[in-house]
Amino acid sequence: MSKATRVALSMAVIVIAVVVFIIVRPSGNDSSTTTSSNSPATTSPATTPGKPAKPAIPVVRVQNAKPVGGIQELTFNKGGTVQFKVVSDTADEIHVHGYDFHKDVAPGHPITFKFPAKIDGEFVVELEGRGEQIASLRVNP
Ligand SMILES: [Cu+2]
């Protein structure tokens, strides 16, 4: 009888221990899994709302009729949209070769080009009046 009781008791202890283990462990695992999967998830939306809300448009800055930082590489994919901005302290006409778009830029009057990337290749973007290349537009096929 006492042996049976002891066995029953130890069985009960084991069952309780297992139950406690199961209850405690998954919650511990869950919270750590949730935390680790949550923090990257929290990090990317935190980064996401600021930027993709307004897609960054490449900006070509012109100072003293020269592109700041040298001739800017603007790369797009055919079928997409070519989009860039020119901020200039020099009044001139911006000419996008190949596509043959012209726009006047002036100090305090930046311009934005936006057009479908229909032609692949590499094209000069220049200050037309000065014949100064400010950017190289590359449209990948
Ligand atoms: Cu030109």
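Atoms within a ligand are numbered from 1 in the order they appear, just like the ligands themselves. Numbers here simply count residues along the sequence, with the first being 1.
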Would you find a donor on one side and an acceptor on the other, under 3.5 Å apart, between the side chain of [X] and the backbone of [Y]?
{"X": "Glu73", "Y": "Ile71", "value": "no"}
{"X": "Glu126", "Y": "Glu128", "value": "no"}
{"X": "Asp92", "Y": "Gly129", "value": "yes"}
{"X": "Lys103", "Y": "Thr112", "value": "yes"}

Which heavy atom of Ser136 sits nearest a heavy atom of Glu122, and at what distance? OG-OE2, 2.9 Å
In the hydrophobic clustering (ILVMFWY, side-chain contacts below 4.5 Å, transitive), which residues join Leu127, or is it alone? Val60, Val62, Leu74, Phe76, Val82, Phe84, Val86, Ile94, Val96, Tyr99, Phe101, Val105, Ile111, Phe113, Phe115, Ile119, Phe123, Val125, Ile134, Leu137, Val139
Could you enumerate the protein N, O or S atoms under 2.8 Å from the Cu ion (ligand 1), written like residue then atom name? His95 ND1, His97 NE2, Glu126 OE2, Glu128 OE1
